[in-house]
Novice: 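Here's a structure for you.
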Amino acid sequence: MLKERARLLSLAVFSLDLLLVTAAFVGAHWLRSAVLPTVAHGSFPGELYALRFYLPLLPVALSVWGLLLLRFRRYRSHRTTPLLREAWEVVQVSGAAMVAFTLLLYVLRLDERMLPQDRVSRAWLLLFALLACLLLLAEKVLVRVIARYVRSHGLNYRTMLLVGTGPSAQALARSIHEHAWWGFRLLGCVEVNSASGRRVVGGLPVLGHVADVPRILQELIIDDVVFAVGHRELQDLEGLSLALHEQGIRTFFALDFFPHAQAKAELTEIDGIPMLTYANAPTNPLLLAGKRSLDVALSSLILLLALPIIAAVTLAIRLTSHGRVLFRQTRCGLNGRRFTLYKFRTMTEDAEERLADLRHLNEMDGPVFKVRDDPRVTPLGRILRKFSLDELPQLWNVLRGDMSLVGPRPPIPEEVASYERWQRRRLSMKPGLTCLWQVNGRNQLDFASWMELDLEYIDSWSLSLDFKILLKTIPVVLSGRGAS
């Protein structure tokens with residue numbers, strides 16, 4: 001009965017979504033045809049064709065939006081899904097739907113076949129996508145508010161039985177009790193190991209042992225069973241899991257196998273085989289693709305604008321010192337991958353050979369070598385280093401994909417070989433031209449602070465953080481603060 005109600009509810013929400021897309025379709029036509037020519041006559045002097053000419057495009061739009069809404073699994077249960085995540089999914093659907101709908105119109109020339117003379121209005125397309133997104137977002141917020149109100153008042157709930165009485169099970173029980181709007185009602189728990197005779201665990205009644213589950217299922221109405229046990233205990237509960245599956249009872253497994261792990265656990269699959277993964281670095285492919293797009297766009301633009309500076313620096317190096325213009329060095333990138341890093345040469349040609357003689361002057365702790373007044377640096381090199389002009393060729397590394405604009409600085413293999421285990425985590429993200437260390441002291445920081453800032457960046461990474469770091473880097477570089 002509950003499953004049938006869930007299906008009916010999903011169908012109702014899906015129908016409402018399509019109705020809202022239809023309203024956005026019509027509303028965008030009205031805004032473009034009646035409102036915009038009135039408030040912005042200079043930019044929108046004329047009206048659109050009558051709505052009847054646009055209506056043949058509506059089935060195409062509904063098909064695109066409907067398929068994408070289903071593809072993004074918009075109609076699964078969202079009881080425990082954060083509202084911001086659900087809103088982001090709606091934005092993704094709307095963006096993808098707008099792109100797909102536009103491609104269908106222009107690639108298949110549907111607009112030319114259905115409209116009398118002109119192509120479909122671009123302003124209408126933009127208004128349509130924006131209105132659809134806003135209406136769907138408003139609907140999700142309204143549904144969420146209503147559902148939370150109903151569930152918090154004891155309606156539309158699912159009953160649960162908890163298998164396990166350990167710390168993990170107790171923490172899960174507390175979380176469910178504190179979030180009444182999720183719509184789960186815990187009836188009790190069962191012990192997995194030998195019966196202890198306890199009647200209550202963490203405020204939850206103990207209904208018996210695992211062997212008593214068949215009896216409990218007959219006496220109580222149980223919608224879901226949650227296994228909150230260790231991975232060793234779980235092996236002995238396969239028979240119970242299969243029995244629940246045969247009876248059509250939904251089961252959940254609390255995958256807290258490594259409670260001390262700081263990495264975020266995610267469930268994926270490889271060729272149909274479920275895989276539990278732990279990752280303490282960003283893994284969202286969409287956001288990482290956005291980061292890569294930002295890298296390519298900005299590095300290309302900066303390289304183009306900096307061509308006169310690059311030419312001037314090249315000529316200055318040729319005129320003031322002997323040797324190559326570019327300095328090449330092997331560095332470690334993502335997860336230790338080695339690549340060739342490019343910089344303008346700021347030292348004498350024999351700098352590498354003289355390094356051993358200068359080790360005793362190192363001013364940095366840890367495996368990093370830094371000397372404030374390095375005698376190998378040329379006069380021109382000091383100027384280039386102060387304003388980070390020597391790093392302009394690394395934009396080529398960014399274009400190639402070896403580096404990113406923002407990320408931990410790429411270390412040399414000898415430094416990585418001396419890392420402590422926890423320090424190697426800074427290699428879990430692609431290295432960059434700038435990062436938090438660049439805007440918090442540059443070379444004035446000690447090695448431990450440097451590592452902590454890199455790990456802080458990895459743990460809190462977002463596209464907005466990259467933008468903030470890039471903006472903060474500009475004044476730091478122009479002022480030459482903290483450079484050596």
Side-chain angles (χ1 to χ4, degrees), residues 13-37 39-40 43-44 46-76 78 81 83-116 118-144 284-294 296-297 462-464 467:
V13 174
F14 180 65
S15 301
L16 178 58
D17 285 348
L18 295 185
L19 182 62
L20 291 175
V21 172
T22 302
F25 187 97
V26 177
H29 183 278
W30 174 74
L31 287 174
R32 171 59 187 88
S33 189
V35 177
L36 289 183
V39 300
S43 301
F44 304 96
E47 297 183 357
L48 296 180
Y49 291 114
L51 180 60
R52 70 175 185 276
F53 292 110
Y54 274 76
L55 286 179
L57 299 176
L58 180 58
V60 180
L62 292 178
S63 299
V64 170
W65 256 263
L67 287 173
L68 285 171
L69 286 167
L70 293 172
R71 174 67 181 82
F72 274 72
R73 299 174 65 194
R74 289 288 322 125
Y75 304 101
R76 66 187 188 278
H78 286 79
T81 304
L83 179 58
L84 286 178
R85 184 187 301 174
E86 188 174 6
W88 174 239
E89 289 177 355
V90 171
V91 173
Q92 287 178 291
V93 169
S94 301
M98 177 184 179
V99 172
F101 183 54
T102 304
L103 287 176
L104 285 174
L105 290 182
Y106 290 113
V107 174
L108 301 181
R109 297 184 177 181
L110 296 179
D111 52 339
E112 295 181 2
R113 299 176 184 177
M114 298 179 180
L115 298 179
D118 201 2
R119 291 195 170 193
V120 68
S121 167
R122 295 178 182 177
W124 171 79
L125 274 175
L126 186 59
L127 287 170
F128 174 33
L130 183 61
L131 277 179
C133 182
L134 292 176
L135 289 175
L136 290 174
L137 284 174
E139 176 215 12
K140 302 312 170 192
V141 172
L142 182 61
V143 169
R144 178 68 65 97
N284 188 306
L286 184 64
L287 295 180
L288 291 176
K291 181 178 176 66
R292 178 60 184 155
S293 300
L294 179 67
V296 173
S462 66
L463 287 176
S464 61
F467 276 112

Novice: Can you give me the closest heavy-atom contact between Ser94 and Leu136, atom names plus distance?
Specialist: OG-CD1, 4.4 Å

Novice: Kindly indicate whether the side chain of Glu139, heavy atoms from C-beta on, has any atom under 4.5 Å from the side chain of Leu135.
Specialist: no

Novice: Using 0.5 Å steps for rounding, measure from the CH2 atom of Trp124 to the CG atom of Leu57.
Specialist: 5.5 Å

Novice: With Ser63, which residues qualify under side-chain contact (heavy atoms from CB on, under 4.5 Å), at least two apart?
Specialist: none

Novice: Can you see which heavy atom on Ala100 is nearest to which on Val64, and at what distance?
Specialist: CB-CG1, 3.9 Å

Novice: Any side-chain heavy-atom pair from Val91 and Trp88 closer than 4.5 angstrom?
Specialist: yes

Novice: Would you check if Leu62 and Phe25 make a side-chain contact, meaning some heavy-atom pair closer than 4.5 Å?
Specialist: no

Novice: If I take atom CG from residue Leu20 and atom CG from residue Leu134, how far apart are they, to the nearest 0.5 angstrom?
Specialist: 11.5 Å

Novice: Going by the rule side-chain contact (heavy atoms from CB on, under 4.5 Å), which residues pair with Leu463 if we only count those two or more places apart in sequence or in a different chain?
Specialist: Leu287, Lys291, Trp461

Novice: Going from CG on Leu130 to CE on Met98, what distance comes out if it is rounded to the nearest 0.5 angstrom?
Specialist: 9.0 Å

Novice: Gln92 versus Leu68: any side-chain heavy-atom pair under 4.5 Å?
Specialist: no

Novice: Search all heavy atoms of Pro56 against all heavy atoms of Val60 and return the closest pair with its distance.
Specialist: O-CG2, 4.5 Å

Novice: Mind checking the CG-CG spacing from Asp17 to Leu70? Nearest 0.5 Å is all I need.
Specialist: 9.5 Å

